[in-house]
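Working notes for the structure below.
In this text the structure is predicted, and so the values were computed from the model without any measurement. Below, chains carry the letters A, B, ... as their sequence lines are ordered, and counting in each starts from 1.
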Amino acid sequence: MTVRTRFAPSPTGALHLGVVRTALFAWLLARHSGGQFLLRIEDTDQKREVPGSADGIKEALRWLGLSWDEGPDVEGPYGPYIQSKRLGIYKKYAQELVEKGLAYADPYSVEELQALREKAQAEKRPFLYRDHRPENPPAWDGTQPLRIKLEPKAWEWDDAVMGKVSMGPEMIDDYIIIKADGFPTYNFCHIIDDHLMNVTHVMRSQEFISSVPKFLATHEVLRWEPPINAILPPVMDETGRAKLSKRKGAKPALDYRDQGFLPEAVLNFMATIGWNDGTEQEVYTVEELVAKFELARVQKSGGIFDEKRLIYLNGVHIRRLSLDELYLRTEGFWPKSAENADAMYKRTVLSLVHERLKYLAELPGLTEFFFTEPEVKEAVITENKQLKKLSADERKAMISATLNELETCDFTEEDLEKRLRPLVERLNTKTGILFGLIRASITGSNVAPGLFETMHVLGPEKTLSRLKKMI
RNA sequence: GGCCCCGUCGUCCAGCGGUCAAGACACCGGGUUUUCAUCCCGGCAACCGGGGUUCGACUCCCCGCGGGGUCACCA
């Protein structure tokens, strides 16, 4: 049996990382088993649809490399893969159920229903629609909601992640399969699609677990064999008190791209919330994830989204990149002042900050002074515990001596070191002080790459003029 | 509230009846170093509680407690 999984988002806004994790696990299972991964757009709620968000979702998936074998833009044998284009299919199945007496029109108004619900709540008992099933329902003319008739019974099933799960008959009720606007509900049409598209493993996040009996019962009514269900543990926000959601401020996935997070790092991070391979390995390439992923090792308990860990992993993945590869990825992240800079020069600058980068948006802050004259603020001196002890005259004297020494320097790293180290002794000071002063002068910062390499890359002209400016 | 799921360091997690309860992130020390970062050493820190079962429970069972989810013409 070929494994077929799917990711079926609603185009109601940007994709956030909690949802990405669901997509990732489905994708990993398909890729691991050499099966197929489908993308299906579930746009049956016209009111909530956000124009353009389906494109945003696809863009995010492409950025992450979660490629789909069938879906919008990649037609396959079971298309279309957009639910609003499949309305006829759902209607056909609905009609069949009506004819068999397995579905019926709902005669109640929204208000009447609401009143019944409130009454039940006031009496502290669960509301069940089936207690109010109309005895002689009106013929379904398509303007009333259509309900499926489900037999109330207890269900027990095997979930690929949670194991044995059971729920009582109160979890089953006649639910709406076609809304008054003619669109099907998720509960109904996703089952039809998953079946028709031969999806073998259906992954859903934990919020759906109590709906599973409903899905199973629907399969029974349709006389279909249900797929393997897998409930994924929730990803919680940093407070640990709520599921990650855009309402709670989860950032869109593409924000991470714009911050300069690498897709492989994001995938690595998300995969290890709720899954591990049982070894001590923490850093994975995407290929390794594909090779090692298995549903059986997916955790039952939820995990917190700890961005610090993502940042750490991103740094690891950046360091693993070759300089050439990293350079390719930095496009769009350089400071404005680097706009017309020479590619070779930028590449060299990049080599100096390669292992310091945690995410690419840090690039301007780390490299700006290589491209434009830094402003040396007073604070750079006063906030440096070594330099603030120096008087202005002492500083001038040191810089003068440095300028003097560098006059005949060829500005190779070796020569710079050969000149400046002895100067420390001659000036009767400490390396931290002299080098710190030079660094502040030429970079405008107390934090920068190694001094000699920085001076070498900057070259004699800029270095000397910046030093002179300090006097 | 009913129902359901979950419960190991602050965080991600290993463990699957017998371990000094491992690793990583974060944090704190120390080393390397001209700063930062990297790298290397070290430290802090956990089995929710109570009952069982057992020669022996983090591991199995029950009851609490805690957290999350769900009870829509949303997905």
Does [N] have a Watson-Crick or wobble mate here (both distances under 3.5 Å), and if so which one?
N: G23(B); result: C12(B)
N: C71(B); result: G1(B)
N: U38(B); result: none

Task: Beyond-backbone contact of Val447(A) with Arg356(A), side-chain heavy atoms, under 4.5 angstrom - done: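 A side-chain contact under 4.5 Å is absent here.
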
Open item on the list: Within the structure provided, determine whether Pro263(A) and Arg329(A) are in side-chain contact (heavy-atom separation under 4.5 Å).
Closed with: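 Yes, their side chains come closer than 4.5 Å.
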
Task: Donor-acceptor pair present, Glu282(A) side chain and G23(B) base, under 3.5 Å - done: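 Pair found.
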
Please classify the nucleic acid contact of [X] as base, sugar-phosphate, or nothing, using heavy-atom distances under 4.0 Å.
X: Lys124(A); answer: nothing
X: Lys430(A); answer: nothing
X: Thr44(A); answer: sugar-phosphate
X: Val283(A); answer: nothing

Task: Arg247(A) atom CZ, over 12 foreign heavy atoms within 6.0 Å - done: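 Atom CZ in Arg247(A) is not crowded, with 12 or fewer foreign heavy atoms closer than 6.0 Å.
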
TODO: Could you say whether Phe127(A) or Phe452(A) is positioned toward the 5' end of RNA chain B, judged by the nucleotide with the nearest heavy atom to each?
DONE: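 The residue closer to the strand's 5' end, by nearest nucleotide, is Phe452(A).
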
Open item on the list: Here's a test of your reading of the structure: between Met171(A) and Leu310(A), which maps to the more 5' nucleotide of RNA chain B?
Closed with: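 So the residue in question is Met171(A).
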
Presence of [X] side-chain N/O under 4.0 Å of [N] phosphate oxygens OP1/OP2:
X: Tyr186(A); N: A75(B); answer: no
X: Arg117(A); N: C73(B); answer: yes
X: Asn276(A); N: C13(B); answer: no

- [ ] Could you tell me whether His190(A) and Phe215(A) have their ring centroids closer than 6.0 angstrom?
- [x]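 When the ring centroids of His190(A) and Phe215(A) are compared, they turn out to be within the sub-6.0 Å range.
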
Task: Tyr284(A) ring center within less than 6.0 Å of Trp275(A) ring center - done: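 Yes, the ring of Trp275(A) comes within the 6.0 Å limit of the ring of Tyr284(A), centre to centre.
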
Between protein and nucleotides 35-38 of chain B, what N or O pairs are separated by less than 3.5 Å?
| from | atom 1 | to | atom 2 | distance (Å) |
| --- | --- | --- | --- | --- |
| U35(B) | O2' | Asn446(A) | O | 3.1 |
| U35(B) | O2 | Asn446(A) | O | 3.3 |
| U35(B) | O2 | Ala448(A) | N | 3.0 |
| U35(B) | O2 | Ala448(A) | O | 3.1 |
| U35(B) | N3 | Ala448(A) | O | 2.5 |
| U35(B) | O4 | Gly450(A) | N | 3.2 |
| C36(B) | O2 | Arg356(A) | NH1 | 2.6 |
| C36(B) | N3 | Arg356(A) | NH1 | 2.3 |
| A37(B) | O3' | Lys358(A) | NZ | 3.3 |
| A37(B) | O2' | Glu355(A) | O | 2.7 |
| A37(B) | N1 | Glu355(A) | OE2 | 3.2 |
| A37(B) | N3 | Glu355(A) | OE2 | 3.0 |
| U38(B) | OP1 | Lys358(A) | NZ | 3.4 |

